[in-house]
Amino acid sequence: MSYLIMTAGPTPVAENVRLKRSEISKNPRFDTSFIEDYKSVTSKISHYLNTKNATHILCGEGILGLEAACASLVEPGDRCLVITNGIFGDDFADFIKLYDGEVVVFDADRLNGIDVNKLEDFLNIDHDFKVATLVHCDTPSGVLNPVEDICSLLKKYSILTIVDSVSAFPGIKVDVSNIDILLGGSQKCYCAETGLTIVTVSDEAWKVMESRKTFIKSYYANLLKFKDYNFPYSMPVNDIASFKVAVDNIGDINAFWERHKQVAHLCRSKVLEMGLSLHLQSGFSDTVTVFNIPKGFDEAGVINEMIDKYNIIISGSFAYLKNKVLRIGHMGESAKEEYITKTINSLNEIFNK
Ligand SMILES: *Cc1c(COP(=O)(O)O)cnc(C)c1O
């Protein structure tokens with residue numbers, strides 16, 4: 001049985017990606033293709049970001065990248081600003097505390113993208129921070145934040161910026177000129193299997209890591225280990241080879257971004273046409289549409305009926321949004337007009353019974 005996967009991740013993995021992953025594994029000691037694939041895919045991602053900043057891939061899912069960024073930049077006592085309007089945004093505070101940083105939270109309205117003017121007022125009063133964290137698309141609510149504007153503001157105060165773009169890039173264009181560490185995950189818009197995290201690091205961030213007064217208190221989550229080696233440990237040969245195929249599948253990146261924009265617009269207008277209400281007031285992401293569950297229905301009931309009757313998988317949400325909203329992912333392979341139409345038509349049948 002195959003399903004139409006319209007979740008907010010993991011996303012559908014194309015056949016050529018799956019087949020590549022199942023090839024007989026070469027031994028990287030005798031075969032240089034791993035290093036070639038690794039260099040090719042990481043430089044392609046930096047190219048999509050239009051940056052000279054180096055991209056590296058760690059073997060572990062998105063969360064590992066978030067932790068590695070905090071572990072590598074935060075030293076005991078460092079003041080860090082956690083800019084948040086969502087669940088992933090909040091969670092950065094835990095990573096910073098884990099590495100003994102001092103957390104200050106800028107808690108923003110959860111139904112709209114972060115208001116840069118309000119953040120500016122806040123920073124006018126207090127801007128003594130080494131690092132700031134924020135999330136590009138906070139997936140459980142789908143809220144999209146203006147990360148470029150926020151990071152250029154933070155840079156005026158020389159604050160290092162960590163941006164979780166796991167559920168946005170490469171589906172949404174991002175300019176990393178003011179972003180010190182940009183984080184991605186293989187199972188979202190890249191449409192590869194879960195298990196790789198992608199980090200793009202600025203020269204300034206490397207310098208800060210290299211001039212730390214204290215050791216990085218993690219072995220695997222130490223980004224410096226990845227700086228000079230292409231991959232410092234046993235090489236995930238097939239994961240990288242298949243990830244490269246997934247990144248090649250993106251094709252023309254401008255067309256890819258445009259497709260995400262159009263599909264997201266289509267999805268939101270169809271949700272409204274059904275008479276449902278969108279969860280957010282503004283700050284809609286091109287990668288996920290989040291709508292309120294109408295009266296008389298519940299999360300599990302709708303999700304199960306979508307699977308059982310229509311073979312379509314959509315997402316619920318979690319924490320304070322559990323049983324409040326449903327989410328349709330349109331990321332990479334699933335960001336196609338025909339899939340949106342099919343998903344919406346099926347939901348329409350369920351809600352109009
Ligand atoms: C999926 C996701 C992550 C990574 O979570 P994993 O479970 O480790 O893949 C991080 N941040 C956001 C915003 C995400 O959507």
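Start at 1 and go down the list; that is how both ligands and their atoms are numbered. Positions are given from 1, in the same order as the sequence printed here. Just so you know, these numbers use all the heavy atoms, side chains as well, and skip hydrogens, waters and symmetry mates.
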Shortest protein heavy-atom distance from [atom], along with the residue and atom involved:
atom                    : answer
atom 5 (O) of ligand 1  : Ile63 CG1, 3.7 Å
atom 13 (C) of ligand 1 : Thr139 OG1, 3.2 Å
atom 12 (C) of ligand 1 : Asp164 OD2, 3.4 Å
atom 8 (O) of ligand 1  : Glu61 OE1, 2.5 Å

Would you please say whether a donor-acceptor pair under 3.5 Å links the side chains of Asn53 and Thr200?
no
The side chain to side chain contact (heavy atoms under 4.5 Å, CB included) partner of Phe284 among Leu278, Val143, Thr289 is Leu278
Below 6.0 angstrom between ring centroids: does that apply to Phe226 and Phe231?
yes
Between Tyr233 and Tyr220, does the ring centre distance come in under 6.0 Å?
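Ring centres of Tyr220 and Tyr233 closer than 6.0 Å.
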Just to be sure I read this right, does ligand 1 sit under 4.0 Å from the backbone of Ala8, its side chain, both, or neither, counting only heavy atoms?
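For Ala8, no heavy atom sits under 4.0 Å from ligand 1.
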Using a 4.0 Å heavy-atom cut-off, which part of Lys188 comes near ligand 1: side chain, backbone, both, or neither?
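Side chain only.
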For ligand 1, is there an atom lying under 4.0 Å from some heavy atom of Gly60?
no
Hey, is Gln187 one of the residues with a heavy atom under 4.0 angstrom from ligand 1?
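The answer is yes, since Gln187 has a heavy atom less than 4.0 Å from ligand 1.
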Any nitrogen or oxygen of Val135, main chain or side chain, under 3.5 Å from a nitrogen or oxygen of ligand 1?
no
Would you say Phe88 has any N or O atom under 3.5 Å from an N or O of ligand 1, going by distance alone?
no
